[in-house]
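Residue numbers start at 1 and run along the sequence shown. Note that the structure is a prediction, hence the values are computed from the model and not measured. Below, each value reflects all heavy atoms present in this structure, side chains not excepted, and no hydrogens, waters or symmetry copies.
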Amino acid sequence: MDFRCEAGVSTPAGIWQQVQDISSIALMRILEFSACIQESGVVHSAGVILMPINRLSDMEENLEDLKEQLVGKVKALNFAPQEEKIRIKQQVRELRKEIREQEEDYWQVIARQTKTVEIPEQEAEIIVAEIVEEVGQIEVQRQYPDEVIQILQEIRDKLNQPGATAAAKLKGVISSFPPFVGISYEAELDTENFFQQHFPTFRKWAKVLAKKS
């Protein structure tokens with residue numbers, strides 16, 4: 001039986017060889033791409049490409065852009081005709097969700113970064129003292145929702161535990177900040193303003209860490 005087509009296509013055996021050749025070329029391109037990615041500093045884990053630690057500054061810039069967009073949408077909502085308000089409200093919700101997710105990712109990267117950097121003990125002592133004192137003030141004033149105060153109390157309690165150095169304690173509590181970001185957004189708090197108002201030394205330290213990354 002003649003398997004050739006009138007258009008000049010090869011026999012099934014020839015077609016199978018062409019498929020194998022294409023697959024081989026595709027595999028080579030994937031391997032070349034993977035090598036380039038590894039050289040650029042991207043981390044691979046179980047086949048998943050993770051964001052490199054040196055992207056903290058880019059993440060901060062992206063967050064600033066998103067927050068500017070959010071401010072613009074909120075202003076537009078105030079002056080929009082009634083028929084446009086629902087659409088703009090949806091855009092505001094989507095922006096807030098994206099900001100929350102990216103801020104959580106940002107603090108997760110900070111948490112990973114602190115495991116590999118050396119924090120001077122004197123610097124860590126100042127930051128720890130600031131957090132402990134300010135949480136006490138927040139606790140007394142009760143100006144934030146109970147869920148926010150609860151997680152801050154947990155952070156304060158970890159910092160007050162005896163035995164470890166201030167630097168070790170600070171490294172230990174950084175991982176508590178991504179869930180804090182999630183809770184603060186549920187409470188409709190601006191986490192950046194919150195950190196600047198209550199933990200300015202800690203926030204300054206985190207920004208310096210981001211610039212070094």
Might you point out which heavy atoms bring G172 and S175 nearest each other, and give the distance in Å?
O-OG, 3.4 Å
Is any NZ, NE, NH1 or NH2 atom of the basic residue among R203 and E60 found under 4.0 Å from an Asp or Glu carboxylate oxygen of the other?
yes
For the pair L77 and K85, evaluate side-chain contact (heavy atoms from CB on, under 4.5 Å) and give the outcome as yes or no after the intermediate values.
CA-CA 6 Å; L77 180 63; K85 287 186 180 295; 4.0 Å; yes
Would one find more than 12 heavy atoms of other residues, nucleotides or ligands at under 6.0 Å from atom NZ of K169?
yes
Over 12 foreign heavy atoms within 6.0 Å of CD, Q141:
yes
Reported CD-to-CG distance for the pair E94 and L66, which is rounded to 0.5 angstrom
12.0 Å
Show the nearest heavy-atom pair for residues A187 and V148, with the distance to one decimal.
CB-CG2, 4.1 Å
Side-chain donor or acceptor of E121 paired with backbone N/O of A167 under 3.5 Å:
yes
Nearest 0.5 angstrom please: Q102 CD to N62 CG, how far?
4.5 Å
Spacing of S176 atom OG and R156 atom CZ [to the nearest 0.5 Å]
13.0 Å
Side chains of V181 and Y106: does their closest heavy-atom pair fall under 4.5 Å?
no
Stepwise, does the side-chain contact (heavy atoms from CB on, under 4.5 Å) test hold for T191 with W107?
CA-CA 11 Å; T191 54; W107 285 103; 5.7 Å; no
Validation row: I155, K158 side chains within 4.5 angstrom (heavy atoms):
no
Joint hydrophobic cluster, L189 plus V71, side-chain heavy atoms closer than 4.5 Å:
no
Would I174 and I126 show up in the same hydrophobic cluster when neighbours are defined by side-chain heavy atoms closer than 4.5 Å?
no
Residue list, side chain to side chain contact (heavy atoms under 4.5 Å, CB included) with D157, at least two apart or on another chain
none
If you define the side chain from C-beta out and look only at heavy atoms, does anything of E103 sit under 4.5 Å from K67?
yes
Give the minimum heavy-atom separation between A124 and A166, together with the two atoms involved.
CB-C, 3.7 Å
Separation of R142 CZ from I149 CD1 (nearest 0.5 Å):
4.0 Å
So E147 and I151, do their side chains get closer than 4.5 Å, heavy atoms only?
no
A side-chain contact here means heavy atoms from C-beta on lying under 4.5 Å apart; do P120 and Q122 qualify?
no
Separation between CD (Q69) and CG (L95), nearest 0.5 Å, reads 5.5 Å
Checking side-chain polar atoms at under 3.5 Å, does Q196 have a donor or acceptor matched by the opposite partner on E192?
yes
Describe, in one word, how the ring planes of F194 and Y144 are oriented to each other, choosing from parallel (under 30°), tilted (30 to 60°) and perpendicular (over 60°).
perpendicular
So, Q90 and R93: side-chain donor and acceptor under 3.5 Å apart, yes or no?
yes
Is E84 salt-bridged to R87, cutoff N-O under 4.0 Å?
yes
Please work out whether the ring planes of F202 and F199 are parallel, tilted or perpendicular, with thresholds of 30° and 60°.
perpendicular
Do V74 and I88 belong together in a cluster built from hydrophobic side chains that touch within less than 4.5 Å?
yes
I want to check something: taking the side chain as every heavy atom from C-beta on, are I99 and Y185 in contact at a cut-off of under 4.5 Å?
yes
So which atom in D105 and which in M59 form the shortest heavy-atom distance, rounded to 0.1 Å?
C-CE, 3.6 Å
Run the side-chain contact (heavy atoms from CB on, under 4.5 Å) check on R96 and R100 step by step: do they pass?
CA-CA 6 Å; R96 283 178 174 161; R100 168 185 170 174; over 6 Å; no
Going by heavy atoms in the side chains, are L170 and T114 under 4.5 Å from each other?
no
So for atom CD, which belongs to E83, do other residues, nucleotides or ligands contribute more than 12 heavy atoms lying within a distance under 6.0 Å?
yes
